Peer 1: 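Here it is, the structure, as structure tokens.
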Amino acid sequence: MSLWVDKYRPSSLGKVDFHKEQAAQLKKLVQCGDFPHLLVYGPSGAGKKTRIMCLLRELYGPGVEKLRIEHQTIVAPSKKKIEINTIASNYHLEVNPSDAGNQDRVVIQELIKTVAQSQQIQSSTQRDFKVVLLTEVDRLTKDAQHALRRTMEKYMATCRLILCSTSTSKVIGPIRSRCLAIRVPLPSIEEVCSVLTSVCKKEGLVLPPELAKQISEKSGRNLRKALLMCEACRVQQYPFSVDQDVPETDWEVYLRETANAIVSQQTPQRLLEVRARLYELLTHCIPPEIIMKCLVKELLNNCDGQLKTEVAHIAAYYEHRLQLGSKAIYHLEAFTAKFMAIYKKFMEDGLDAMMF
Amino acid sequence: MQAFLKGATVQAARPQKDKAVVGPSAEKKAKAVPWVEKYRPKCVDEVAFQEEVVAVLKKSLEGADLPNLLFYGPPGTGKTSTILAAARELYGPELYRQRVLELNASDERGIQVVRDKVKNFAQLTVAGTRPDGKSCPPFKIIILDEADSMTAPAQAALRRTMEKESRTTRFCLICNYISRIIEPLTSRCSKFRFKPLANQIQEERLLEICEKENLKYTKESIAALVRVSEGDLRKAITFLQSAARLNVDKEITDCAVIEIAGVSWTSFMIDNLLQICFRGTFEKLEVAVRNMVDEGYAATQILTQLHECVIEQDLSDKQKSTITEKMAVVCKCLSDGADEYLQLLSLCSVIMQEASHN
Amino acid sequence: MNKLSVADKATERRANHWVDPSFIDLREECSSLSGRRNGNPVLCSKAEMKKKRKREASASYLLKESSQLDQNEPWVEKYSPRSQAELAVHKKKIEEVEKWIRVHTNTKSGILLLTGPSGCGKTATVRVLSLEMGLRVQEWISPTNLEAYSSSHEWRMNGFSSSSQSSQFQDFLLRANKYNCLKMAGDGGVTHSKLILVEDLPNQFYRQPGALHEILRGFVRTSQCPLVFIVSDSLSGDSSSRFLFPKDIQEELGISSISFNPVAPTAMMKVLTCISTQEAAKSCRSVCVPDQTLLETLCSGSSGDIRSAINSLQFSCLSTDSCTSVETGLWRTKKDRSLCRAGSTTSQRKKKSKQEEELAIGGKDASLFLFRALGKILHCKREKHERADGAEGGCGRGLPSHLLHHHRAALLVDPELVVERSHMSGEFFSLYLHQNYLDFFCEVEDVERASEYLSDADLLTADWMNRSVLGDYGSSVATRGLLHSNSQQASVGFRALHKPSWLLVNKKHWENCVAAQSLFRSFCLTPVSLQTELLPYLAKLTNPMRNQDQITFIQDVGQMSLRRFSSRLKPEALTDKESGELEMDSEEEEKEVKEAGGAEEGLPASQPQPTLNQVLLEDEDLIIEEYISD
């Protein structure tokens with residue numbers, strides 16, 4: 001028994017639940033044969049990967065669904081060995097080059113070269129190119145991106161790239177201009193609701209529309225999250241009730257409590273406690289950027305007016321530093337301390353204003 | 001690139017893309033060629049808008065000596081195209097391969113490569129005639145594309161080679177930012193700045209391509225293309241090709257162009273965002289920014305568009321300068337990989353603050 | 001082995017036995033030499049200081065010998081402890097060693113390893129105890145092989161010397177073990193017990209500790225008397241004891257290990273006072289009694305090395321003598337000047353000059369233990385308030401009114417010096433500061449600024465390309481930032497210091513991320529969505545398709561107990577004797593040995609860093625390596 005997310009993932013472009021017009025366009029693109037490099041971008045949980053897999057199926061038929069996980073060792077020119085995991089079918093190869101860290105350039109060049117040189121032998125396949133799917137392109141180093149731009153052109157004849165990324169901001173211009181960019185926005189609340197309802201229907205469950213709405217709002221339009229939430233609801237309680245609590249992830253609840261702790265008291269001791277909590281989150285694999293973002297969200301809910309503007313500024317400031325710095329805790333903590341200070345000042349000012 | 005170029009010159013300028021799906025038996029040139037390559041200028045005369053450099057190159061075509069060249073300017077202004085076209089004219093298709101070495105960022109270009117590959121190539125002496133009897137200059141050309149991504153030591157290694165081989169070799173360095181080329185190199189080259197293409201010129205080119213490719217288009221869509229490409233002809237042509245691929249047998253509309261460019265201005269989102277900044281509350285702003293990010297628009301794109309809008313807004317110079325300064329900061333942060341939502345939120349709240357001072 | 005201690009010992013021995021006759025002739029030259037050296041201590045660069053101090057230690061003997069013909073003995077020898085009471089070692093340690101010796105002279109076997117910084121009284125303790133217990137000490141002294149040097153040709157040909165040293169050592173152990181000294185028997189059988197003492201091992205063993213282990217195994221099998229090894233630790237952390245006697249060997253051979261602490265200042269003061277009064281009583285003519293403050297300076301300057309403290313004491317007493325009056329005068333005036341400047345506002349300079357003066361006379365590298373170094377920054381000692389009021393005229397006036405709140409009294413510490421002396425990379429020192437600073441602040445506004453400075457410091461050192469250049473600035477920003485932002489500087493009393501949890505947290509974070517990636521690869525998700533979406537929900541679902549590893553992992557990482565409060569991360573307390581050296585798990589230790597070699601290759605011109613830093617910053621090191629190889 002697999003997760004609902006995987007079980008009810010549409011397998012062809014004709015069956016996708018939303019962005020249908022785009023799907024039709026993609027279908028046409030496959031049919032017209034002149035298949036360019038693609039850059040598929042959009043927020044997490046919008047269905048980029050689903051669309052890419054549908055597209056591949058459209059290109060090669062059901063053979064692309066026979067996946068195998070491979071462990072590859074690539075030898076860099078400096079004789080250094082880089083190990084990387086790939087997921088491959090007979091027709092395509094999926095790799096997350098950012099797994100290789102600073103060596104991503106080598107990984108990209110070598111992998112694409114190998115794929116491009118191993119020409120399809122079976123004449124039965126209707127395509128004379130293979131597809132390399134690179135995920136998390138926005139996390140590639142600039143070096144690797146520059147390398148990619150030439151590699152893309154060089155092996156165009158036997159190999160097409162599909163780049164998958166959350167945003168194009170971090171993809172350099174030359175790559176963007178060499179790809180056909182396809183934007184995949186998040187589904188609207190209504191679309192999420194309808195997907196949830198149809199999935200539940202297929203499972204033989206009845207999902208009250210109110211609960212569907214609640215889930216989709218809580219998921220922040222992230223369909224994957226919404227489906228996971230929905231399944232968790234099912235585990236929690238069935239039949240569903242309208243006012244059921246939608247289960248949130250532990251870390252989100254934990255982070256909210258942390259935010260409350262920050263708001264309720266602003267002392268060095270409290271900061272020390274908060275630090276311990278941040279450490280706890282980090283050991284649970286929550287990336288520091290996400291911690292920062294969600295913390296900001298929770299804190300913003302707790303303050304108002306002028307204060308929000310200030311919080312937005314310091315959040316942007318420290319999140320930027322988080323990206324540049326080497327030890328996340330410094331910046332997370334500096335942000336918390338800064339927030340405590342301005343929050344405290346704001347409260348004291350407010351108190352003074354009330355007194356006079 | 002040479003392979004692509006060759007294909008482009010040999011085949012007729014007829015549309016090929018519809019036949020591209022022929023399988024292994026099809027001949028090589030049937031491969032889909034990006035229009036950017038297909039419509040690269042074939043001779044120096046075709047180079048649009050860059051009069052100075054064209055004049056110099058033309059002189060050398062008539063037999064004058066060619067200096068070492070350094071082309072710089074924003075992407076898509078024809079730097080690479082110009083030198084390739086010139087080389088082609090100088091040597092003709094047969095000699096071209098022997099006489100021109102093209103290296104760019106993705107090739108290995110450490111010091112070692114500069115020392116070995118470049119030197120070896122440069123050391124070969126060449127005759128002053130072409131096989132077909134026409135005269136050609138007695139030197140070779142080494143094109144170093146994307147020279148600004150070469151390391152400083154590699155650049156330093158280059159300068160000696162450059163002087164030593166000046167008898168037989170001309171270098172052409174191409175880069176976006178001249179500031180990243182070390183001084184000794186720039187002083188050894190004649191510098192040419194490539195300007196962003198004027199809208200008029202771009203439009204002409206695009207229309208020409210549309211004619212040749214038998215596309216259905218509207219006047220607005222061409223105007224939109226020119227607008228989104230910001231003087232980058234390559235971008236404009238790529239967009240045009242993408243639009244054509246996605247809208248087979250359909251008319252290319254300006255909406256399609258805008259969607260492909262990932263630009264969001266017609267969808268009044270930017271205006272909407274600004275209205276919220278001017279009149280709305282912070283809560284509304286949060287929602288609006290969240291939505292923009294969720295829709296998948298790139299923050300850099302939104303930033304550019306916001307910039308254009310803010311400049312035209314009815315704000316005092318001081319307010320505008322505060323806002324644009326913040327924009328510069330945000331732009332830098334974004335390029336460092338900072339979170340789009342937080343940066344945009346911070347920018348918008350600055351706009352909001354400034355607007356509230358009115 | 002610590003170079004310094006080797007040098008010390010060599011010096012000692014030389015002065016004692018071999019060279020002193022010849023040096024008496026050279027007395028004029030010596031005094032002038034040392035005079036020149038001491039005349040301009042200010043001009044010496046820091047790098048030279050170390051060497052210079054070493055030389056001075058030997059110079060002090062020579063000087064003394066030249067001026068006091070009646071006493072050729074250095075005070076270290078002269079006042080070497082004769083009884084337990086005279087030892088400047090903590091009672092408990094003495095007891096520990098005594099107990100061990102008692103037990104093992106009875107069993108006639110066993111190996112003891114004494115470790116500790118140089119000059120903390122290891123040898124003295126063994127000697128005193130054996131004297132009191134009537135044990136005979138048979139000591140291994142590395143042969144100098146004079147003929148091997150003269151016939152260096154042959155020596156080079158067959159590596160005779162080095163192999164012979166270790167075989168000589170083996171012979172020595174064998175013989176000392178088997179045969180009782182004949183003379184002892186003649187003495188009337190007062191004692192039949194003896195003790196083998198090994199203080200400097202043949203160099204061969206540092207290259208091949210395995211050879212030593214073999215010899216020791218042989219010794220243990222046939223052991224007839226206890227064997228004591230004395231190995232000096234060094235603050236710079238290349239702990240030879242761990243290298244020579246790794247844990248597994250210690251266990252295998254049943255080696256007990258006792259580690260000595262540096263001599264406590266109080267004990268040191270006692271000894272110094274005692275010596276100086278005795279000397280003064282003996283010859284009030286030629287020796288001028290040093291005052292209390294000088295003794296204190298010596299005491300703090302020697303950082304727990306009693307040998308160097310006594311040497312310096314001897315030297316400083318002599319230097320007031322007539323024959324060396326020039327530099328003494330200079331030194332005195334400087335001291336006086338610094339004393340009267342104490343009240344003035346330029347205490348920064350005063351402190352510096354004081355520092356130099358310490359270095360000039362203290363023969364010991366004044367390294368700080370981490371605990372104290374951290375304390376110096378965190379406690380933020382500034383000049384007393386009344387002084388600061390006086391200083392208001394000097395400092396406060398310079399600041400415009402809107403910046404007046406940034407005014408602080410002058411610092412009593414030099415942050416850069418503290419970091420330098422902590423023998424730690426600035427980055428790592430900042431981590432320690434970060435772990436502990438919150439306890440010392442009471443205003444959240446101050447914390448806000450302090451944390452921003454720490455964040456700045458991290459930003460400065462984040463880029464590996466500039467790290468070597470900016471590292472120092474980074475640590476300056478961190479330390480000075482912390483000092484400056486602590487505006488209240490309320491005295492918080494004693495606070496326990498902790499080791500940074502970040503390293504552990506970071507390690508766990510990456511381990512978990514990697515584990516998540518490999519265990520749940522079949523979901524084909526990006527790491528972020530895997531870790532923040534799938535895993536936490538998998539924890540909430542009852543999905544039977546997972547294997548055991550996955551289940552454990554999900555329970556561990558996907559779930560967070562909300563009530564639990566950082567039970568995993570109990571920060572480890574830092575004790576006052578630790579010199580930036582963490583007790584590591586044995587497994588980590590192995591890794592360290594492996595990594596240390598690799599990391600050093602990758603770093604060009606890598607300084608002998610504390611081993612700890614290499615381990616903990618090994619990630620960065622590896623990154624550097626990657627870039628280089630690229």
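Just so it is clear, the structure is predicted and the values come from calculations on it, not from any experiment.
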Peer 1: Do the side-chain N and O atoms of A:His331 and C:Ser455 include a donor-acceptor pair separated by under 3.5 angstrom?
Peer 2: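 A:His331 vs C:Ser455: donor-acceptor pair found between side chains.
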
Peer 1: Do C:Trp502 and A:Tyr279 come within less than 4.5 Å of each other through their side chains, counting heavy atoms only?
Peer 2: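 C:Trp502 vs A:Tyr279: side chains touch.
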
Peer 1: Do C:Glu533 and A:Asn222 have side-chain atoms, one donor and one acceptor, less than 3.5 Å apart?
Peer 2: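 A:Asn222 and C:Glu533 do have a side-chain donor-acceptor pair below 3.5 Å.
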
Peer 1: Test of understanding: with side chain to side chain donor-acceptor pair (under 3.5 Å), list the residues that count as partners of C:Tyr437, not counting sequence neighbours.
Peer 2: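 Residues passing side chain to side chain donor-acceptor pair (under 3.5 Å) with C:Tyr437: A:Glu333.
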
Peer 1: In sequence, state the C-alpha distance, the side-chain angles, and the governing distance for C:Glu445 and A:Lys344, and then conclude on salt bridge (charged side-chain N to carboxylate O under 4.0 Å, His left out).
Peer 2: CA-CA 9 Å; C:Glu445 287 78 12; A:Lys344 192 176 164 205; 3.7 Å; yes

Peer 1: Quick one: list whatever passes side chain to side chain donor-acceptor pair (under 3.5 Å) with A:Glu289, sequence neighbours left out.
Peer 2: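 Residues passing side chain to side chain donor-acceptor pair (under 3.5 Å) with A:Glu289: none at all.
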
Peer 1: Got a donor-acceptor contact below 3.5 angstrom from the C:Asp458 side chain to the A:Lys327 backbone?
Peer 2: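 Judged by distance alone, yes, a pair lies under 3.5 Å.
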
Peer 1: Less than 3.5 Å apart, any donor N or O on the side chain of C:Thr526 or A:Asn96 sitting next to an acceptor on the other?
Peer 2: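 No donor-acceptor contact under 3.5 Å links the two side chains.
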
Peer 1: Would C:Asp456 and A:Arg321 satisfy salt bridge (charged side-chain N to carboxylate O under 4.0 Å, His left out), going step by step from the backbone distance to the final call?
Peer 2: CA-CA 9 Å; C:Asp456 287 339; A:Arg321 298 186 140 215; 2.6 Å; yes

Peer 1: Using side-chain heavy atoms (C-beta onward) and a distance below 4.5 Å, is C:Leu504 in contact with A:Thr283?
Peer 2: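 Sidechains of A:Thr283 and C:Leu504: no contact.
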
Peer 1: Can a donor-acceptor pair be found, under 3.5 Å and without considering hydrogens, that links the side chain of C:Arg449 to the backbone of A:Lys338?
Peer 2: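 No, the answer is negative, given that no donor and acceptor are paired below the 3.5 Å cut-off.
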
Peer 1: Output yes when a side-chain donor or acceptor of C:Tyr537 lies under 3.5 Å from a complementary backbone atom of A:Pro247, and no otherwise.
Peer 2: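 Yes: the side chain of C:Tyr537 pairs with the backbone of A:Pro247.
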
Peer 1: Counting heavy-atom pairs under 4.5 Å with chain A, which one of C:Thr532, C:Leu454, C:Leu460, C:Val447 comes out on top?
Peer 2: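 Highest number of heavy-atom pairs under 4.5 Å: C:Thr532.
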
Peer 1: Any sub-3.5 Å donor-acceptor pair from C:His509's side-chain atoms to A:Leu282's backbone N or O?
Peer 2: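 Here the side-chain-to-backbone pair exists.
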
